Amino acid sequence: MSHLDQRDIVHWADGAPLTGEPHGWADVTNPATGEVTGRVALASEADAAAVIAAAARAARAWGTTSLARRTQVLFAFRELLNARKDELAAIITSEHGKVHSDAMGEIARGLEVVEFACGMSHLLKGGHSEEASTGVDVHSKRVPLGVVGIISPFNFPAMVPMWFFPIAIAAGNTVVLKPSEKDPSAAGWIAALWQEAGLPDGVFNVLHGDKTAVDALLTSPDVQAISFVGSTPIAEYVYETASRHGKRVQALGGAKNHMVVLPDADLDLAADSAVNAGYGSAGERCMAISVLVAVDPIGDELVARVADRTRTLLIGDGARGSDEREADMGPLVTRAHRDRVSSFIDSGEAAGAKVVVDGRDVAARGGEGGFWLGPTLFDDVTPDMDIYREEIFGPVLSVVRAASYEEAVALVNANQYGNGTAVFTNDGGAARRFEADVEVGMIGVNVPVPVPVAYYSFGGWKRSLFGDTHAHGTEGVHFFTRGKVVTTRWIDPANRPEGGLELGFPRND
């Protein structure tokens with residue numbers, strides 16, 4: 001496809017596309033075919049300044065818009081998104097590669113946060129204390145920050161931004177979203193939907209690009225807060241840079257999530273869950289299960305059941321439109337990422353891990369140029385191997401054998417990440433102990449991917465989170481607002497106190 005035939009994906013500011021003067025373009029591909037389907041603008045410093053300025057101009061008016069009006073717009077957005085979610089899912093599949101049903105599931109989880117934000121006025125209430133001191137009242141309020149930046153990854157081009165922007169907008173902030181340049185079209189589609197819902201121009205803006213765009217958000221004096229999801233090295237950079245420039249930051253990083261299977265567990269449920277959580281979205285999830293910890297003596301049986309299920313998976317183009325069975329798993333997002341994940345399989349085999357199911361020679365139903373890699377299952381993995389230590393971010397599931405519950409928990413806690421973990425057991429006492437013992441932010445009991453519902457908060461511990469505040473839920477509301485406390489005294493003209501000077505510190509009486 002020539003550049004003349006391509007779609008040009010540009011920024012969105014002040015309620016309209018902003019062509020600007022990019023310092024370059026990046027190809028956007030369909031991962032199932034390898035075909036270049038468009039190109040996305042890489043923002044120059046001038047482009048970034050223009051988009052941020054649009055958000056800054058709109059901040060005052062939106063921040064003083066009534067809660068009733070904000071809620072009406074949020075409800076309208078929710079209804080439009082729900083009615084047209086199939087459209088958005090098709091965009092996600094065409095640029096990310098995940099199968100259509102998985103893209104629909106992503107949107108459904110994002111919609112949960114939109115629905116939470118629709119009722120958020122309750123959490124924006126302050127408090128009031130009358131006669132805190134004689135004739136003195138005190139009240140508190142939560143107020144918006146102003147302009148906030150959201151930097152989102154390629155793996156969830158709709159859901160991850162929706163962890164943040166519905167809450168930010170409901171709280172009265174304006175938003176600049178910087179999506180991944182690998183699958184940028186969803187952001188522009190969402191921006192146009194906000195406009196259709198009645199959101200004023202400049203409240204939701206999209207800035208495309210690479211490090212130039214990111215650094216502009218991290219350093220601009222107009223941007224008050226940064227929400228980020230991505231790899232741990234970049235999360236650390238975002239946190240340090242934005243904090244140094246006076247911003248509040250929530251930077252969610254990488255993961256190496258363990259699923260511990262105890263001897264009393266339902267092994268069919270555990271095997272189904274391991275396959276679903278290990279290979280869903282081609283393993284490109286920060287909450288994917290990448291380590292399956294089999295506690296003696298059920299290791300051989302569990303591996304056999306997981307392997308049997310893995311071999312049945314259909315790998316192919318995730319787009320709908322035929323009468324054929326939908327693929328279970330699509331391609332990886334780019335050729336470079338596919339090659340990187342494949343190199344980890346080579347490394348694991350060379351290190352002595354047993355390749356039970358090999359995804360390198362997959363026969364995929366899709367274009368020959370697609371970025372294909374099948375699900376891979378390793379057994380006899382040890383903690384010194386690269387495939388155990390590194391976040392692979394692909395369809396590679398490693399089985400580690402543990403002699404006891406204590407050894408399994410020690411594995412989880414020794415890891416540098418603390419994003420998510422799960423335990424499979426039919427023993428309530430063991431599950432309760434596991435909850436207390438593991439040093440991880442999100443825990444599943446017979447639930448392999450413990451992403452909390454929107455009114456709880458999402459986020460891990462250790463090197464999976466930089467900052468103190470998790471995404472969505474009450475913590476998200478607090479992140480996108482500041483507290484003010486007002487102390488008031490009105491003099492009653494019928495009972496005016498005597499005046500006088502008093503230089504001592506004020507006392508309550």
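Any value given below was found using the heavy atoms of this structure, including those in side chains, with hydrogens, waters and symmetry copies removed. Please read all numbers here as calculations on a predicted model, not as lab measurements.
- A salt bridge does not link E390 to R340: none of the charged nitrogens lies less than 4.0 Å from a carboxylate oxygen.
- The backbone N or O of G254 lies less than 3.5 Å from a partner atom in the side chain of S464, making a donor-acceptor pair.
- Here the side chains of R39 and D8 are in contact, with some heavy-atom distance below 4.5 Å.
- Of the possible donor and acceptor atoms, none in the side chain of S347 sits under 3.5 Å from a partner among the backbone N and O of S343.
- Listed for the E391 side chain is a donor-acceptor partner under 3.5 Å among the backbone atoms of A255.
- With contacts defined as side-chain heavy-atom distances shorter than 4.5 Å, the pair V114/M162 qualifies.
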Salt bridge (charged side-chain N to carboxylate O under 4.0 Å, His left out) between R309 and D328: does it pass, once the steps are laid out? CA-CA 12 Å; R309 288 160 169 78; D328 298 299; over 6 Å; no
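- Looking at every heavy atom in both residues, G473 comes nearest to S457 through CA-OG, 3.7 Å.
- Residues S180 and P153 share a closest heavy-atom pair of CB-C, 3.8 Å.
- Side-chain N or O atoms of N205 include none that pairs as donor or acceptor with a backbone N or O of V176 at under 3.5 Å.
- With 3.5 Å as the limit, one finds a donor-acceptor pair spanning the side chains of D437 and Y405.
- Side-chain N or O atoms of N173 include one that pairs as donor or acceptor with a backbone N or O of A168 at under 3.5 Å.
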For a side-chain contact (heavy atoms from CB on, under 4.5 Å) check, start with the C-alpha distance between V261 and I298, then their side-chain angles and the critical distance, and finish with the verdict. CA-CA 8 Å; V261 182; I298 50 86; 4.0 Å; yes
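- Contact check for Y237 versus K211: side-chain heavy atoms found under the 4.5 Å cut-off.
- When each of F480, F458, F116, F479 is checked for a ring pair (Phe, Tyr, Trp, His ring centres under 6.0 Å) with W163, only F458 meets the rule.
- Between the side chain of K256 and the backbone N or O of V412, no donor-acceptor pair lies under 3.5 Å.
- Between F204 and W194, the ring planes are tilted. Angles from 30° to 60° get that label.
- At distances below 3.5 Å, not a single donor-acceptor pair connects side-chain atoms of T232 with backbone N or O atoms of G253.
- With hydrogens and angles ignored, the 3.5 Å screen pairs a side-chain donor or acceptor of H11 with a backbone N or O of H208.
- Contact annotation: the side chain of E326 approaches that of S101 to within less than 4.5 Å [non-hydrogen atoms, C-beta and beyond].
- The minimum heavy-atom distance between G359 and T376, with the atom names listed, is N-OG1, 2.9 Å.
- Put simply, OG on S398 and CD1 on I289 are 12.0 Å apart, with the number rounded to the nearest 0.5 Å.
- Atom NE2 of H258 is separated from atom CG of L411 by 5.5 Å, given to the nearest 0.5 angstrom.
- For the pair D210 and K178, the salt-bridge criterion is not met [side-chain N within less than 4.0 Å of a carboxylate O].
- Between the side chains of D86 and H100, at least one donor-acceptor pair of N or O atoms lies under 3.5 Å.
- Here the side chains of V238 and L218 are in contact, with some heavy-atom distance below 4.5 Å.
- A salt bridge is defined here as a Lys NZ or Arg NE, NH1 or NH2 lying under 4.0 Å from an Asp or Glu carboxylate O, and R365 with D317 fails to meet this definition.
- Two residues are said to be in side-chain contact when any heavy atoms from C-beta on lie closer than 4.5 Å; L313 and Y279 meet this criterion.
- Listed here is the closest heavy atom pair of F393 and V341: O-CG2, 4.0 Å.
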Could you walk me through whether L373 and I345 pass the side-chain contact (heavy atoms from CB on, under 4.5 Å) test, one step at a time? CA-CA 11 Å; L373 185 68; I345 303 175; 4.1 Å; yes
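- In this structure, CG on N155 lies 8.5 Å from CG on D183, to the nearest 0.5 angstrom.
- Checked by atom type and distance alone, the side chain of T310 pairs as donor or acceptor with a backbone atom of V306 at under 3.5 Å.
- Between E95 and K98 there is no salt bridge, since no side-chain nitrogen of the basic residue lies less than 4.0 Å from a carboxylate oxygen of the acidic one.
- The neighbour count for R389 CZ, taken as heavy atoms of other residues, nucleotides or ligands under 6.0 Å away, is above 12.
- When all heavy atoms of D296 and P263 are compared, the closest pair comes out as O-CG, 3.2 Å.
- Across all non-hydrogen atoms, the minimal contact from V206 to A191 is CG2-CB, 4.0 Å.
- Sorted by first and then second residue, the side chain to side chain donor-acceptor pair (under 3.5 Å) pairs with a member in residues 421-430 read D264-T425; sequence neighbours excluded.
- For the atom pair CD1 (I234) and CZ (F228), the distance works out to 6.0 Å, reported to the nearest 0.5 Å.
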side-chain contact (heavy atoms from CB on, under 4.5 Å) between E115 and R78: does it pass, once the steps are laid out? CA-CA 7 Å; E115 290 162 355; R78 188 267 175 198; 2.8 Å; yes
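- R84 has its side chain out of reach of L88: every pair of non-hydrogen atoms, C-beta onward, lies at least 4.5 Å apart.
- Between E406 and R433, at least one side-chain N (NZ, or NE/NH1/NH2) sits under 4.0 Å from a carboxylate O, which counts as a salt bridge.
- Under 4.0 Å is where a charged nitrogen must lie from a carboxylate oxygen, and between R463 and E439 no such pair does.
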Between V229 and F156, is a side-chain contact (heavy atoms from CB on, under 4.5 Å) present by the stated rule, with each step listed? CA-CA 10 Å; V229 177; F156 288 101; over 6 Å; no
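- Other residues, nucleotides and ligands contribute at most 12 non-hydrogen atoms within 6.0 Å of the CG atom of D468.
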Please assess T469 against Q250 for the test side-chain hydrogen bond (donor to acceptor under 3.5 Å, both in side chains), listing each intermediate value before the final yes or no. CA-CA 6 Å; T469 310; Q250 44 183 187; 5.6 Å; no
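- A distance of 12.5 Å separates CD1 of I92 from NZ of K85, quoted to the nearest 0.5 Å.
- Checked by atom type and distance alone, the side chain of W372 pairs as donor or acceptor with a backbone atom of G367 at under 3.5 Å.
- Proximity of E35 to D27: side-chain heavy atoms (C-beta onward) are nowhere separated by under 4.5 Å.
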Between E112 and H472, does a side-chain hydrogen bond (donor to acceptor under 3.5 Å, both in side chains) hold up when you go through it step by step? CA-CA 10 Å; E112 288 182 11; H472 59 72; over 6 Å; no
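- Side chain to side chain, R335 and T29 fail the donor-acceptor criterion of an N or O pair below 3.5 Å.
- Using a 4.0 Å cut-off between charged side-chain N and carboxylate O, R305 and D272 make no salt bridge.
- Note: N446 CG to M259 CE = 8.5 Å, rounded to the nearest 0.5 Å.
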